[in-house]
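Shown below is the structure under consideration.
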Amino acid sequence: MPKITYIEASGKEHVIEVPAGQTVMEGAVKHNVPGIDADCGGACACATCHVYVDPAWAGRTGESTGMEQSMLDFANDVEPTSRLSCQIKVTADLDGLVVRLPKSQH
Amino acid sequence: MIVGAGQAGGETAIRLRQLGYAGPVTLIGEEPLPPYQRPPLSKAYLSGALPLERLLLKPEEAYAEENIVLLKGAPVVWLDRAQKRVRLQGGRELPYETLVLATGSRARALPVAGADLPGVHLLRSAADVDAIRAELGTARRMVVIGAGYIGLETAAVVRKMGLEVTVIEAAPRPLARVTSPEMSGFFLDVHTAAGVRFALSAQAAVIKGDERVRAVGLVDGEEIPCDIVVAGIGIIPETSLAEAAGLHVHNGITVDRFARTSDPAIYAVGDCVSRPLVHYGREGRLESVHNAIEGGKIAAAMIAGQPPPAEEVPWFWSDQYDLKLQIAGLFNGYDETVLRGSPAERSFALFYLKEGRLIALDAVNRGAEFLGGKRLIEKGASVAPAALSDMSKPFKDIMTAALASQ
Ligand SMILES: Cc1cc2nc3c(=O)[nH]c(=O)nc-3n(C[C@H](O)[C@H](O)[C@H](O)COP(=O)(O)OP(=O)(O)OC[C@H]3O[C@@H](n4cnc5c(N)ncnc54)[C@H](O)[C@@H]3O)c2cc1C
Ligand code: FES
């Protein structure tokens, strides 16, 4: 199963096996990693699942849609590699992916 | 102790641990599943795109890992406030120190003859949807009773699967209770273009059939043949335990801003409560994920002795076909609407103002308008209609300018 590393704003790391087909958001939420709220459960409706994709991986997490972009624009401390993690589908290619979590989702 | 293992109960339990609460936590639910999300029930779970394990808020082990005792399939039948204990079906009694009622709501039953025929369904639980799905393989014609969000989402999903769909609605327009005539008209057109038929200002009088449903008869005598019926005619807050125990209940269990009921040892959260709607200066009951999660956060903070989070402006979403509808605020009492964008291009927002202040919005495929507008509502901002509809500027700039001028 692809392993994903989530790094909390405090620096604490969580390495989680996430089944292909699920999203990067689900990997965190289902394993009680704090820092991703994901209020809407992945419907791309809340923008509380913001993460920073490690620059080394930025090209490999797929395109973001216009909807995701327009919502990310309102997240806190947006960076060029910001994504809504419910919109990143986990595949075998993402084994080793590293994402950092923002200080706050609200 | 938390009674009701749905979205609000699950959130309360997990939050307690995230806030460092170290006492014992027991989460008791009537359903056979750990807490799960209901929104996909009329969307991706109904279509089959989302499997059950992804519906769950967390896998079952996650509760044990957080030292939360989860009792499934365990209806609480009695609440004894004097002795501070609850009784489960079967007689087992459990003591509590602090209780959180998160009992949600139940779907209103169809009040007509024949509602118990095979093939007639309500849509509230995963089990309801499993039963519907089991019949979708052979069903050809569905009647949806009630054109609320759940009814319309269901119509969209099964229409895409190729069934013939007729929606019966007692009001003269769909979504009459929850949105403006403009939005109702938009969704009516969208569904009609997708081939959904509507019987508006029409009331189901009887469901006909022998072995299983064969037709829905309307009050005016018309009969709509069908082989499956899904009714989404509203919900009733599940307040029976609270009422029997003598808690204050009025259109939901009455709570204050801190999720406290009239008993200091009991909190209540989610669909089952009527709470102060601080942005609107009144009390009310909300039926949304936002409300369930926020209630859970507030109750958990209170129990853990930490400051509760500030209330968000109520929000909601609905997915139908390729449309993502996002709603912020409560539109009741508006005196002006402003349109931004193009309904014909299926990308627009409708803003609701009252005395110049933005009080609510409906955004279709417009994430920026939803999030930006939500912030404006939260601040009670007055915004000029011409500014809201100005498509030459990104909405974020409009929001920033409006906030700066308050
Ligand atoms: C089909 C559908 C689609 C929806 N779509 C959306 C959407 O798109 N966006 C949105 O924001 N909201 C949506 N909602 C609303 C949202 O799901 C609810 O507001 C939310 O689930 C409320 O959470 P809750 O925990 O208060 O109640 P529930 O999720 O209903 O949980 C309450 C639980 O308590 C249990 N219970 C009740 N009484 C007892 C008892 N005495 N003992 C033990 N257990 C008990 C119930 O069995 C239930 O499992 C939708 C709802 C449905 C049904
Ligand atoms: S979980 Fe809500 S937008 Fe990602």
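A, B, ... follow the sequence lines: proteins, then strands. Residue 1 opens every chain.
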Check: What residues, two or more places apart in sequence or in another chain, satisfy side-chain contact (heavy atoms from CB on, under 4.5 Å) together with B:Ala360?
Finding: B:Phe331, B:Tyr352
Notebook entry, point to check: Does any heavy atom of chain A fall under 4.5 Å from the side chain of B:Phe370, the backbone, both, or neither of them?
Noted result: side chain
Notebook entry, point to check: Side chain, backbone, both or neither: which part of B:Leu57 has a heavy atom under 4.5 Å from chain A?
Noted result: backbone
Next item on the list: Output all residues satisfying side-chain contact (heavy atoms from CB on, under 4.5 Å) with B:Ala259, sequence neighbours left out; order by chain, then residue number.
Entry: B:Tyr267, B:Val269, B:Ile298, B:Ala299
Taking only distance into account, so ignoring hydrogens and angles, what donor-acceptor contacts under 3.5 Å exist between chain A and chain B?
| from | atom 1 | to | atom 2 | distance (Å) |
| --- | --- | --- | --- | --- |
| A:Gly21 | O | B:Arg54 | NH1 | 3.3 |
| A:Glu26 | OE1 | B:Arg54 | NE | 3.2 |
| A:Glu26 | OE1 | B:Arg54 | NH2 | 2.6 |
| A:Glu26 | OE2 | B:Arg54 | NE | 3.0 |
| A:Val29 | O | B:Lys58 | NZ | 2.7 |
| A:Lys30 | NZ | B:Glu53 | O | 3.4 |
| A:Lys30 | NZ | B:Arg54 | O | 3.2 |
| A:Lys30 | NZ | B:Leu56 | O | 3.1 |
| A:Asn32 | OD1 | B:Lys58 | NZ | 3.0 |
| A:Asn32 | ND2 | B:Ala62 | O | 3.4 |
| A:Asn32 | ND2 | B:Glu66 | OE2 | 3.2 |
| A:Ala43 | O | B:Lys324 | NZ | 2.6 |
| A:Ala45 | O | B:Gln326 | NE2 | 3.1 |
| A:Asp73 | O | B:Lys396 | NZ | 2.6 |
| A:Phe74 | O | B:Arg375 | NH2 | 2.7 |

Next item on the list: Please look at B:Leu371 and chain A and tell me whether the side chain, the backbone, both or neither of the residue comes under 4.5 angstrom of a heavy atom of that chain.
Entry: both
Item checked: Portion of A:Ala47 that has a non-hydrogen atom of chain B nearer than 4.5 angstrom -> side chain
Notebook entry, point to check: Which of the residues B:Ala292, B:Gly367, B:Ala44, B:Pro40 is involved in the greatest number of heavy-atom pairs with chain A at under 4.5 angstrom?
Noted result: B:Gly367
Checklist line | Partners meeting side-chain contact (heavy atoms from CB on, under 4.5 Å) with A:Ala38 (sequence neighbours left out) | finding: A:Met25, A:Val29, A:Ile36, A:Cys49
